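Here the structure is laid out as structure tokens; the discussion comes afterwards.
Keep in mind that what you see is a predicted model, and the values were worked out from it rather than measured. The figures that follow rest on heavy atoms only: side chains count, while hydrogens, waters and symmetry mates do not.
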Amino acid sequence: FRTARSCAEHLLDVGLPRDAGQAFERVLEYCVTDEQRLLVLSKLATSLQMCGRWDESKRVLHKSRQLQARTAPNANPHDDVELGLFESRWRARLEDASLLDELKVCALADDASPSHRVMCVLLGLKVAAGVNDIDAMEKLYLATAPILTNPTIAPACRLEVEVIYHSVCGDRQKAEQAADELRSAVRDERDPRTRLRALCNVGVAYRLAGRTDEAVAVFSELVDLSLAHGFLSRITFACLELIRFYLASGDVPQARAHME
């Protein structure tokens, strides 16, 4: 088990999520305890999400939740599995309305940690923006305001909330300021997931603010980082944003290059 798991994790670390996913599926065959299965299922879900295989990651996370219910029936449900399921459901784009309602509940849950609540607000703001529900964005932002200064909240998460909220329905100047601070804050971030997510939000904020050259630079950086770490879904997002810019400026050759 240990050797097989180490090999699968190495594939994930070097940016080969497809190969890592296959390897983690094989590791499951060597698991002898439920704790080992939960660990491997978590890594498998991450591999699938990096590839943009959201429906499959949902199924894996549901397996994790079922296993947790058997091994620790009294465990707090506000955990990484819940966040992973929320993310997968949103990316699959099948149930925005019910998902938004659940995220609102989690944002106010007394038995959830401050960091978990902020992550639910962060995703809730994105879901609400996607369906143009400004009222929901206002309520989510108000729900998170009292805990944003909690010392357990990572600066990047706090700034992301400010960037998304103010870009859509708040103060555009505050959105730009938060985006600038966020870009600087994640420059030395070691977790590629955090850095890539932040750059997505910074790039969109710059685009909405009309800072085209900076937005292109951020999305180009996002493409390079996504390629380096194997985040295929992020590559697609960044390339589509760059194609949007190049077509708008009449640079058809550059747009075509990114389509390929």
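Residue I164 is grouped with residue M119 when hydrophobic side chains (ILVMFWY) are merged at heavy-atom distances under 4.5 angstrom, including chains of intermediate members. Linking Ile, Leu, Val, Met, Phe, Trp and Tyr residues whenever their side-chain heavy atoms come within less than 4.5 Å leaves V161 and V202 in two separate clusters. Taken together through direct or relayed side-chain contacts under 4.5 Å among Ile, Leu, Val, Met, Phe, Trp and Tyr, I243 and Y206 form parts of separate hydrophobic clusters. Residues I153 and L159 do not share a hydrophobic cluster, clusters being chains of Ile/Leu/Val/Met/Phe/Trp/Tyr side chains in contact below 4.5 Å. In the hydrophobic clustering of this structure, L182 does not group with V118; members are Ile, Leu, Val, Met, Phe, Trp, Tyr whose side-chain heavy atoms approach within less than 4.5 Å, directly or through other members.
Here the CG atom belonging to N150 is positioned 10.0 Å from the OG1 atom belonging to T144, to the nearest 0.5 angstrom. Between the CG atom in L199 and the CG atom in L225 there is a gap of 6.5 Å [rounded to 0.5 Å]. Atoms CZ and OG1, from R117 and T152 in turn, are 10.5 Å apart once rounded to the nearest 0.5 Å. In this structure, CD on E25 lies 9.0 Å from OG on S47, to the nearest 0.5 angstrom. Annotation: the span from L123 atom CG to E102 atom CD amounts to 11.0 Å, rounded to 0.5 Å. How far CD of E9 is from CG of L11: 10.5 Å, rounded to the nearest 0.5 Å.
Applying the ring pair (Phe, Tyr, Trp, His ring centres under 6.0 Å) test to pairs two or more places apart or on separate chains, those with a residue in residues 151-205 are Y141-Y165, Y141-H166. Residue pairs meeting the salt bridge (charged side-chain N to carboxylate O under 4.0 Å, His left out) criterion with at least one partner in residues 196-209, sequence neighbours excluded, are E160-R197, R207-E241. For the salt bridge (charged side-chain N to carboxylate O under 4.0 Å, His left out) condition, the pairs that include at least one residue of residues 66-85, sequence neighbours left out, are D34-R70, R65-D79. Note on residues 29-75: no pairs pass ring pair (Phe, Tyr, Trp, His ring centres under 6.0 Å), not counting sequence neighbours.
Side chain of T46 to main chain of S42: a donor-acceptor pair is present (N/O by atom type, distance under 3.5 Å, no hydrogens or angles). A donor-acceptor distance shorter than 3.5 angstrom exists from the side chain of T71 to the backbone of L67, with no hydrogens or angles considered. For S226 (side chain) and L222 (main-chain N/O), a donor-acceptor pair under 3.5 Å exists by modelled atom type. When atom types are taken as modelled, the side chain of S184 and the backbone of D180 share no donor-acceptor pair closer than 3.5 angstrom.
The heavy-atom pair separating V163 from N201 by the smallest distance is CG1-O, 3.7 Å. The nearest pair of heavy atoms linking V223 to I235 is O-CG1, 4.4 Å. Between E138 and C169, the shortest heavy-atom contact is OE2-O, 4.1 Å. L100 and A136 get closest at one heavy-atom pair: CD2-CB, 3.9 Å. Of all non-hydrogen atoms in A8 and V27, the two that sit nearest each other are CB-CG2, 4.2 Å. A pairwise comparison of heavy atoms in P114 and I147 identifies O-CD1, 3.8 Å as the closest pair.
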Which is it for S88 and Q49 under the side-chain hydrogen bond (donor to acceptor under 3.5 Å, both in side chains) test, yes or no, and what are the steps along the way? CA-CA 8 Å; S88 294; Q49 289 173 344; 3.2 Å; yes

Check against side chain to side chain contact (heavy atoms under 4.5 Å, CB included), R172 and L208: CA-CA 9 Å; R172 188 59 59 82; L208 293 174; 4.3 Å; yes

Go through F237 and F219 one step at a time and tell me if the side chain to side chain contact (heavy atoms under 4.5 Å, CB included) criterion holds. CA-CA 9 Å; F237 172 81; F219 287 127; 3.7 Å; yes

Would you sort out whether V168 and M137 count as a side chain to side chain contact (heavy atoms under 4.5 Å, CB included), showing the intermediate values? CA-CA 9 Å; V168 178; M137 293 189 72; 3.7 Å; yes

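R183 pairs by the salt bridge (charged side-chain N to carboxylate O under 4.0 Å, His left out) definition with nothing, not counting sequence neighbours. Residues meeting the side-chain hydrogen bond (donor to acceptor under 3.5 Å, both in side chains) test with Q254, sequence neighbours left out: none. Taking D135 as the reference, K139 meet the salt bridge (charged side-chain N to carboxylate O under 4.0 Å, His left out) condition, with sequence neighbours excluded. Residues meeting the salt bridge (charged side-chain N to carboxylate O under 4.0 Å, His left out) test with E221, sequence neighbours left out: R195.
Here L39 is tied to no hydrophobic group at all, with no ILVMFWY side chain closer than 4.5 Å. Through direct or relayed side-chain contacts under 4.5 Å between Ile, Leu, Val, Met, Phe, Trp and Tyr, L61 connects to V81, L85.
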Using atom types as modelled, flag every donor-acceptor pair under 3.5 Å from a side chain in residues 103-113 to any protein atom, sequence neighbours excluded.
residue	atom	partner	partner atom	Å
D111	OD1	H78	NE2	3.2
S113	OG	S115	OG	3.2
S113	OG	H116	N	3.1

For a quick test of your reading: what N or O donor-acceptor pairs under 3.5 Å do the side chains of residues 14-24 make, sequence neighbours left out?
none

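Ionic pairing of R91 and E87 is present here: one or more N-O contacts between side-chain nitrogen and carboxylate oxygen are shorter than 4.0 angstrom. At a threshold of 4.0 Å, the pair E162-K174 does not count as salt-bridged, since none of the basic side-chain nitrogens sits closer than that to a carboxylate oxygen.
Taking the side chain as every heavy atom from C-beta outward, L12 and M50 approach each other to under 4.5 Å. For the pair L28/L41, a side-chain contact is recorded, criterion being any heavy-atom separation below 4.5 Å from C-beta on. Contact of the V40 side chain with the C31 side chain is registered, since non-hydrogen atoms from C-beta on lie closer than 4.5 Å. Taking 4.5 Å as the limit, every side-chain heavy atom of T236 sits out of range of all side-chain heavy atoms of L232. In this structure the side chain of V252 never reaches within 4.5 angstrom of the side chain of Y246, judged on heavy atoms.
More than 12 heavy-atom neighbours from other residues, nucleotides or ligands sit within 6.0 angstrom of NZ on K126.
Donor-acceptor pairing under 3.5 Å is lacking for the side chains of D251 and S249.
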